[in-house]
Amino acid sequence: MNISHIEHIGIAVNSLEEAIPYYEEMLGLKCYAVEEVADQKVKTAFFQVGDTKIELLESTSPDGPIGKFLEKKGQGVHHIAFAVDSVNDSLNELGEKGVQLIDKTARKGAEGLNIGFLHPKATMGVLTEICGKE
Ligand code: ZN
């Protein structure tokens, strides 16, 4: 497994409509894409910051993962995503090392990338995603 950089940081927000102007007008970043991931019950907005993206996550349903997170913890950093070549190879390797996984195999995330989540119990409380083209 070879992590090249932090691909993105996922931030849960109550409303993209409220959050996007802060990132654009206050921080001077540009939202280059808004995408709904129906599977995850979220709407996402992306900002490029060097090699890394900020991924804002608005819930589209209270019973989705972001809906539950907002209800329990409120707005804030939700997960960190590392870029790897192959998500399936990395998940296999981590599983063999005994890391507790949420996803045993890759699934499709935003921007057509493969993604997989590690369990926060295994990562000292940080919900960790790995993502890549493979
Ligand atoms: Zn993510």
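Ligands are counted one by one from 1 in listed order, and the atoms in each one are counted from 1 as well. For the single chain, residues carry numbers from 1 onward in sequence order. Bear in mind the structure is a predicted one, so any value in this text is a computation, not a measurement. As a basis for the values below, the full set of heavy atoms in this structure was taken, side chains included, without hydrogen atoms, waters or symmetry mates.
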Does Lys43 NZ have over 12 foreign heavy atoms under 6.0 Å away?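 Not buried by this count: 12 neighbours or fewer within 6.0 Å.
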Under the side-chain hydrogen bond (donor to acceptor under 3.5 Å, both in side chains) definition, can you give me all pairs with a residue in residues 21-39, not counting sequence neighbours?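 Residue pairs passing side-chain hydrogen bond (donor to acceptor under 3.5 Å, both in side chains), neighbours aside: Tyr32-Glu111.
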For Lys97, check side-chain hydrogen bond (donor to acceptor under 3.5 Å, both in side chains) against everything at least two apart and list the hits.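 Applying side-chain hydrogen bond (donor to acceptor under 3.5 Å, both in side chains) to Lys97 gives Glu93.
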Counting only protein N/O/S, how many atoms fall short of 2.8 Å from the Zn ion (ligand 1)?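 Protein heteroatoms (N, O, S) closer than 2.8 Å to the Zn ion (ligand 1) number 4.
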I'd like to know if Leu16 and Ile9 are part of one continuous hydrophobic network [Ile/Leu/Val/Met/Phe/Trp/Tyr, side-chain heavy atoms within less than 4.5 Å].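 Yes, same cluster.
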Look at the side-chain heavy atoms of Ile, Leu, Val, Met, Phe, Trp and Tyr, link any pair under 4.5 Å apart, and say whether Val77 and Phe46 land in one connected group.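 No.
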Kindly list each side-chain donor-acceptor pair under 3.5 angstrom involving residues 124-134, sequence neighbours excluded, with atom names and distances?
residue : atom : partner : partner atom : Å
Thr128  : OG1  : Val126  : O            : 2.9
Glu129  : OE1  : His8    : NE2          : 3.2
Glu129  : OE1  : His79   : NE2          : 2.8

